[in-house]
Amino acid sequence: MPELPEVEEVRRTLIAAVRDEIIDGVTVLRPDYVRHGRKTIRNLKGSGIIDITRLGKRLFWQLTPSACMVTHLGMTGRITLRPDDKPAEPHTHLVLGLKTGKFLHFSDARRFGGVWLYAAESQALQAHVTGRLGADALNLAVTDLDGWKQKRVPLKAELLSQKTVAGLGNIYVDEALWMARLHPLRRVDQLPHAARALLTHCIHEVLHASLAMGGTTLRDYRDANANAGRFAQSLNVYGRAGQPCRRCGTTLRKFLIAQRTTVICPKCQRAGRHRTEK
DNA sequence: TTAGGCCTGCAC
DNA sequence: GTGCAGGCCTAA
């Protein structure tokens, strides 16, 4: 399940391969996978790929002239570079041919991801981001969390929402909270500054550690060169319910928060006095 | 704020 | 065969 480190790894492997490439052909195999700009996506023929940036789990493809393609991998999305346009994977929804003879394949079994095409600097593109995505988790500053003082929301729900911190999913939220010894049901408005600073630090830590190993592959994730990530073996809580905490040996416990499986160490991550009442 | 829907593959 | 996994959006 691609979260920030996996998307960043895809971005890095992609940009190294396709910067300054020209799109020479557009094959839409599944029109409804293009969530915005379905009618104009074929006009990308002739467009150049200037850059690929990232905010949270989304990639922003800066294209000439004056277009921006947003991609989200959802749960099972892959963007892979192949030598031909023959769909190599099931559920290939979009293929972009490049002038140098390479092909970008967009596949996504569950179709939780998608592709959005906008005019560059358009209001629609702005709206795609505004109100939805907060600060990128990799560049998070403590001050980005100032708005939490007025928010009566459980920590985990807030982190998953992307609204303040963009890029974390179920895996890295659980990992960062364990590292910071914070209970996922703590209310964000009850976190003192020191806890917000610690959390910011731990988010950086876990993301950098994962990036250094090419991300986490549980099953589906691959980078643009079809390589899996190796961080799964370093996970401390995610998927380890019933196993001992690597810090204190206490048995890790699993429960649901906001419909998400959550794993914590009940000893390291105390609920505290300010737990969200449930 | 929460539940449901999207969607497929895989474990049971 | 059933149910679960999950990001994110919409509706109640």
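Chain letters run A, B, ... following the sequence lines, proteins first and then strands; every chain starts at 1. Not measured: the values here are computed from a predicted model.
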So, is [X] close to the [N] phosphate, meaning a side-chain N or O under 4.0 Å from OP1 or OP2?
X	N	result
A:Q162	C:dC8	yes
A:Q259	B:dG4	no
A:R132	C:dC9	yes

Spacing of [X] atom [atom1] relative to [N] atom [atom2], expressed in whole Å:
X	N	atom1	atom2	answer
A:F112	C:dG6	CZ	C1'	6 Å
A:H36	C:dC9	NE2	C1'	16 Å
A:L160	B:dT1	CG	C1'	15 Å
A:K57	C:dC9	NZ	P	10 Å
A:E158	B:dT2	CD	P	13 Å
A:Y33	C:dG7	OH	P	15 Å
A:R30	B:dC6	CZ	C1'	11 Å
A:L256	B:dT2	CG	C1'	13 Å

Can you figure out which of C:dC9, C:dG7, C:dG6 approaches the side chain of A:R110 most closely? C:dG6

Return the nearest nucleotide to the side chain of A:H91; candidates are B:dC7, B:dT8, C:dC8. B:dT8

Classify the side-chain pair [X]/[Y] by whether it contains a donor and acceptor separated by less than 3.5 Å.
X	Y	answer
A:K254	A:T261	no
A:H36	A:Y118	no
A:Y221	A:T216	no

Going by heavy atoms in the side chains, are A:T27 and A:L96 under 4.5 Å from each other?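 Heavy-atom side-chain distance check fails, nothing below 4.5 Å.
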
Counting only heavy atoms not in A:K151, do more than 12 sit closer than 6.0 Å to its NZ atom? yes

Indicate, with a heavy-atom threshold strictly under 4.0 Å, whether [X] touches base, sugar-phosphate, or nothing.
X	result
A:R58	sugar-phosphate
A:Y172	nothing
A:R260	base
A:T261	sugar-phosphate

